Amino acid sequence: MVRDRLIKLLEDSLKACWEKGALKPGEFKGPVEMEFTRDPAFGDYASNLAMVLASVLRDNPRKIAGQLVKNLDDCDGVLEKVEIAGPGFINFFVRDAVWAGYLENVLRLGSGYGKSENGKNRRVQVEFVSANPTGPLHVGHARGAVIGDVVANILKASGCNVFKEYYINDVGNQMNRLGRSVYLRYRELAGDRIDFPEDHYQGRYIYELAGEILDKDGKTHLEKTEEEEIPFFTSYAAESIMNGIREDLKAFGVLFDNYFSERELYKERGVDRLLEKLEKNGFIYREGDTLWFRSTAFGDEKDRVVVRETGEPTYFAADIAYHKNKYERGFDNVIDIWGADHHGYIPRVKAAVQAMGIDPETLRIILVQLVSLSREGKPVPMSTRAGEFVTLREVVDEVGKDAARYNFLMRRSDSHLDFDLELAKKQSNENPVYYVQYAHARIESIIRTARERGMKIPGFGEIDPLQLRIPEEIALIKAITRYPEIVEGGARSLEPHRLTFYLNDLASIFHSYYNKNRVISDDPDMSRARLVLVIAVGIVIRNALGLLGVSAPEKM
RNA sequence: GCGCCCAUAGCUCAGCUGGAUAGAGCGUCGGACUACGAAUCCGAAGGCCCUUGGUUCGAAUCCAAGUGGGCGUACCA
């Protein structure tokens, strides 16, 4: 990357300055910052190193900048010129030929352009969605699903060994309630008069499940008592709903490496043995019949119950065991993606991880703000239990996978998102995703035209890169250069939205260039050079959309 | 009460972990197709970055207090 080379140049210069005594001695705890400038007048990249050093060395920043510039050894001839500006910025102007030469990289790497080995093959688990199988996924889940999926893609692209997992919370009260809901509807369909409790699941899918059972088994389930029958209804419903969830996710382009059942944790007394061990280490204490986890020892605001008075473990107990399980499987990093309403849960899980002797920094939690739903500007209430929701499936069917995914990726995950159904359906023509896809389709169209006119599609070796010299062309190449840095930044911050913003930028620069300049013209040399440029843009758009799980169409 | 998140153009939001003159989309107004796709482009209007202090060469960004909103504060999951 050009940026890396400039950083190296500046670091070497700093070393040289100190060796020669051109700068006062001092301690600089890197890293050297090198940023894109937003104004070409400030060059291509700028560094604030001199200003940072000024406070350490207690000297004039412009004077320091002067020494740094004087000792630059541009042995590769990357630089056009270097300027000192403002309070002490060092502005680097890169030679046009260097930019154009960069295209060679992009063309050679193709679909590999943007990938890196930064992750050093670290094993990373991303756990997301993990909705209880008590009903179909709704739009709220959809956001977490896309964010998790794309975070995984980005980490993969930056060289991590990624494992995607869905935690099935199939133990506990909610599940019993689900089973009982289906059981009651079954009796109702079988002709019994029932009084359906308000706090049970009201959705129509409950009737559908009950109907399936009635069709298959007839009235045989009326013979035994409710207590005896409910486990059957529970597991039938859970399995059926879980299958539906899998299919919906698949249609949304979200695939998991593993679905992990909470029940696994209880096998071979797993949870009990973990609690015993933690008790031995002093992290758990008894109060009457309840067991408490001492999370205050790690900064949580209060201790937490892990085993109730009744002797049943809490959800938290299972979650401690689950996180232990994750680390035992050898993951170096664990990423949990939760709804933002679970934020209060973070300290205790971090505490649990720490109590097991694991560095809590290796556990990262992404909070996804819940999606509020509206229809033509009016809020639509959503509750799984009341059966009022728009499902993920409906959104995918009506808005389309590409538009839906892109929509959920356009905001930072911790910022609130309002999803307007009518707008999402209607918007299909002005949806931002089409802006980017259109750029790609346009590029493909240019390539088709070139072929039709008998042009051979050139490789980088067949063009004169110096033909690409107008500001719009340099701007395009620079934007292309940024792409690997965007991926790297996205992987570091776990922020997929950076890619959508980048894509929007890139598409905008391209469209603008396209409107002002002809790619295929009477000038064969120029046509070849521009064709290569445009092909490179296409590669980047395709790769970036690939990470988002959005298609890059050749025609629209 | 306590804790976490948020407050930036009329609306929806970016702002790359402290940088130079704060950006984009939508909306509004005005322009551009006899040439590679007008799902596009060009231009204009639009701002006390919630308020007040502090930290320093430099603050939308960090700290403190206040205001307004969301969420959490279970022996639910």
Side-chain angles (χ1 to χ4, degrees), chain A residues 33 35-39 41-42 46-48 51-52 54-55 60-62 85-89 91 130-132 134 169 171-175 262 287 289-292 301-302 304-316 318-319 339-347 367 369-370 372 410-412 414-418 420 423 427-435 437-439 441-450 452-453 482 485-486 488-490 492-493 495 497-498 500-502 504-505 507-508 510-521 527 530-531 534 555-556:
Chain A
E33 286 181 45
E35 294 187 323
F36 282 105
T37 58
R38 55 187 179 79
D39 187 333
F42 300 140
S47 179
N48 63 354
M51 275 123 70
V52 176
S55 57
N60 182 322
R62 288 192 66 109
F89 287 103
N91 293 338
S130 300
N132 296 358
T134 55
N169 202 217
V171 180
N173 296 336
Q174 306 287 344
M175 297 308 296
E262 185 180 351
E287 226 178 62
D289 290 330
T290 51
L291 289 190
W292 291 78
E301 51 188 23
K302 54 178 284 196
R304 308 291 174 176
V305 171
V306 283
V307 176
R308 289 180 261 253
E309 238 174 359
T310 59
E312 297 165 294
T314 60
Y315 172 82
F316 178 47
D319 218 12
D341 54 340
H342 288 60
H343 67 79
Y345 200 73
I346 296 176
L367 294 178
Q369 274 291 348
L370 302 182
S372 68
M410 281 177 37
R411 283 165 183 68
R412 239 182 27 230
D414 63 357
S415 98
H416 191 84
L417 176 70
D418 182 73
D420 192 302
L423 209 66
Q427 215 180 11
S428 51
N429 269 5
E430 23 182 302
N431 199 305
V433 67
Y434 293 98
Y435 184 73
Q437 288 183 319
Y438 184 57
R442 234 179 190 176
I443 289 168
E444 289 300 314
S445 170
I446 295 170
I447 296 170
R448 278 194 301 273
T449 305
E452 281 161 20
R453 298 192 186 171
R482 289 181 60 189
E485 295 165 33
I486 300 294
E488 187 190 319
R492 201 180 50 242
S493 62
E495 291 176 344
H497 74 277
R498 293 190 187 195
T500 55
F501 278 88
Y502 168 76
N504 216 31
D505 260 9
S508 165
F510 167 74
H511 283 309
S512 174
Y513 171 66
Y514 174 88
N515 270 276
K516 248 181 269 178
N517 306 93
R518 286 196 59 80
V519 175
I520 302 166
S521 63
S527 298
R530 288 185 167 173
L531 202 50
V534 155
K555 289 179 183 173
M556 299 175 63

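Every chain is numbered from 1, with letters handed out A, B, ... down the list of sequences. Only a predicted model underlies this, so the values are computations on that prediction, with no experimental measurement involved.
When distances run from any side-chain atom of A/Arg442 to the nucleotides B/rG37, B/rC57, B/rC36, the shortest one goes to B/rG37. You'll find that the side chain of A/Arg518 is closest to B/rA35, out of B/rA77, B/rC16, B/rA35. With B/rA38, B/rA35, B/rA20 as the candidates, the nucleotide lying closest to the side chain of A/Ala85 is B/rA20. The side chain of A/Asn515 lies closest to B/rC41, out of B/rC13, B/rC41, B/rC36. Considering only the side chain of A/Phe501, B/rA14 comes nearest among B/rA35, B/rA14, B/rG19. Listed nucleotides: B/rC71, B/rG19, B/rC36. Nearest to the side chain of A/Tyr514: B/rC36. When the nucleotides B/rC36, B/rA20, B/rA77 are ranked by their closest atom to the side chain of A/His342, B/rA77 comes out on top. The side chain of A/Thr449 lies closest to B/rC36, out of B/rC36, B/rC71, B/rC75. Of the candidate nucleotides B/rA20, B/rC75, B/rC36, B/rC36 has the atom lying nearest to any side-chain atom of A/Val519. Distances from the side chain of A/Tyr435 to the nucleotides B/rU40, B/rG37, B/rC36 place B/rU40 closest.
No engagement by A/Asp289 is indicated, since no non-hydrogen atom pair under 4.0 Å with the nucleic acid exists. Across all strands shown, A/Glu485 has no heavy atoms under 4.0 Å from either base or sugar-phosphate atoms. Here A/Pro87 lies in heavy-atom contact (under 4.0 Å) with a base. Nucleic acid contact for A/Ser445: base, since at least one base atom lies under 4.0 Å from a heavy atom of the residue. Nucleic acid contact class of A/Ala441 (heavy atoms, under 4.0 Å, all strands): base. Residue A/His343 is in base contact, counting any heavy-atom pair closer than 4.0 Å across all strands shown. A/Ala450 comes within 4.0 angstrom of no nucleic acid atom, judged by non-hydrogen atoms across all strands. Within 4.0 Å (heavy atoms only), A/Val306 reaches no atom of the nucleic acid at all. Among the protein residues, A/Asn48 comes within range of the nucleic acid bases, having at least one heavy atom under 4.0 Å from a base atom.
Stacking annotation: A/Phe42 is stacked on the base of B/rA20 (ring centroids less than 5.5 angstrom apart, interplanar angle below 30 degrees).
Separating the CD atom of A/Glu444 from the P atom of B/rG37 is a distance of 12 Å, rounded to the nearest angstrom. One can place NZ of A/Lys302 at 12 Å from C1' of B/rC2, the figure rounded to the nearest angstrom. What separates CD of A/Gln437 from P of B/rG37 is a distance of 18 Å, to the nearest Å. Atoms CG (A/Asp341) and C1' (B/rA74) sit 14 Å apart, rounded to a whole Å. The separation between A/Phe510 atom CZ and B/rC41 atom P is 11 Å, rounded to whole Å. Rounded to a whole Å, the CD1 atom of A/Ile346 is 12 Å from the C1' atom of B/rC71. Across the protein-nucleic acid pair, A/Asn504 atom CG and B/rU40 atom C1' stand 13 Å apart, rounded to whole Å. Between the C1' atom of B/rA14 and the CG atom of A/Leu417 lies a distance of 15 Å, rounded to the nearest Å.
Across the C1' atoms, B/rG68 and B/rU56 are found 30 Å apart, a figure rounded to whole Å. Between B/rG54 and B/rG18, the two C1' atoms lie 15 Å apart (nearest whole Å). Of the C1' atoms belonging to B/rG3 and B/rG43, the separation is 50 Å, rounded to the nearest Å. Comparing B/rA9 with B/rA22, their P atoms sit 15 Å apart, to the nearest whole Å. Separation of the P atoms belonging to B/rA45 and B/rA39 is 28 Å when rounded to the nearest angstrom. The same atom, C1', is picked in B/rA77 and in B/rG19; the two are 46 Å apart, to the nearest Å. For the C1' atom pair drawn from B/rG23 and B/rA65, the interatomic distance equals 31 Å after rounding to whole Å. Taking atom P in both B/rC48 and B/rC71, one finds a spacing of 29 Å when rounded to whole Å.
Partner assigned to B/rG66 is B/rC50, using Watson-Crick or G-U wobble distances below 3.5 angstrom. Across every strand in view, B/rC11 sits in a pair with B/rG25 that passes the Watson-Crick or G-U test at under 3.5 angstrom. Here B/rG1 sits opposite B/rU73 as a Watson-Crick or G-U wobble pair (both hydrogen-bonding atom distances under 3.5 Å). Base pairing annotation: B/rG19 forms a Watson-Crick or G-U wobble pair with B/rC57, both donor-acceptor distances under 3.5 Å.
Using a 4.5 Å heavy-atom cutoff, the side chains of A/Val534 and A/Phe510 are in contact. Residues A/Lys555 and A/Arg448 form a side-chain contact, since some pair of their non-hydrogen atoms from C-beta on lies under 4.5 Å apart. Taking 4.5 Å as the limit, some side-chain heavy atom of A/Ile346 sits within range of a side-chain heavy atom of A/Leu367.
Between A/His497 and A/Phe501, the angle of the ring planes goes over 60°, which puts this pair in the perpendicular group of the 30/60° scheme. The aromatic rings of A/Phe316 and A/Tyr345 lie perpendicular to each other, with more than 60° between the two planes, well past the 30° mark.
A/Arg442 and A/His511 are linked by a side-chain donor-acceptor pair at a separation below 3.5 angstrom, with hydrogens and angles left out of the test. Checked by atom type, the side-chain pair A/Asp414/A/Gln369 shows no donor-acceptor distance below 3.5 Å. There is a side-chain donor-acceptor pair under 3.5 Å between A/Tyr513 and A/Arg530.
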*What's the verdict on side-chain hydrogen bond (donor to acceptor under 3.5 Å, both in side chains) for A/Gln174 and A/Asn132, showing C-alpha distance, side-chain angles and the deciding distance?*
CA-CA 8 Å; A/Gln174 306 287 344; A/Asn132 296 358; 5.2 Å; no

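At least one test fails for A/Arg482 against the ring of A/Tyr502: distance under 6.0 Å to the centre or angle within 45° of the axis.
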Taking only N/O atoms, report every protein-nucleotides 5-7 of chain B pair under 3.5 Å with atom names and distance.
none

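Of all the heavy atoms in A/Asp289 and A/Glu309, the pair that sits closest is CB-O, 3.7 Å.
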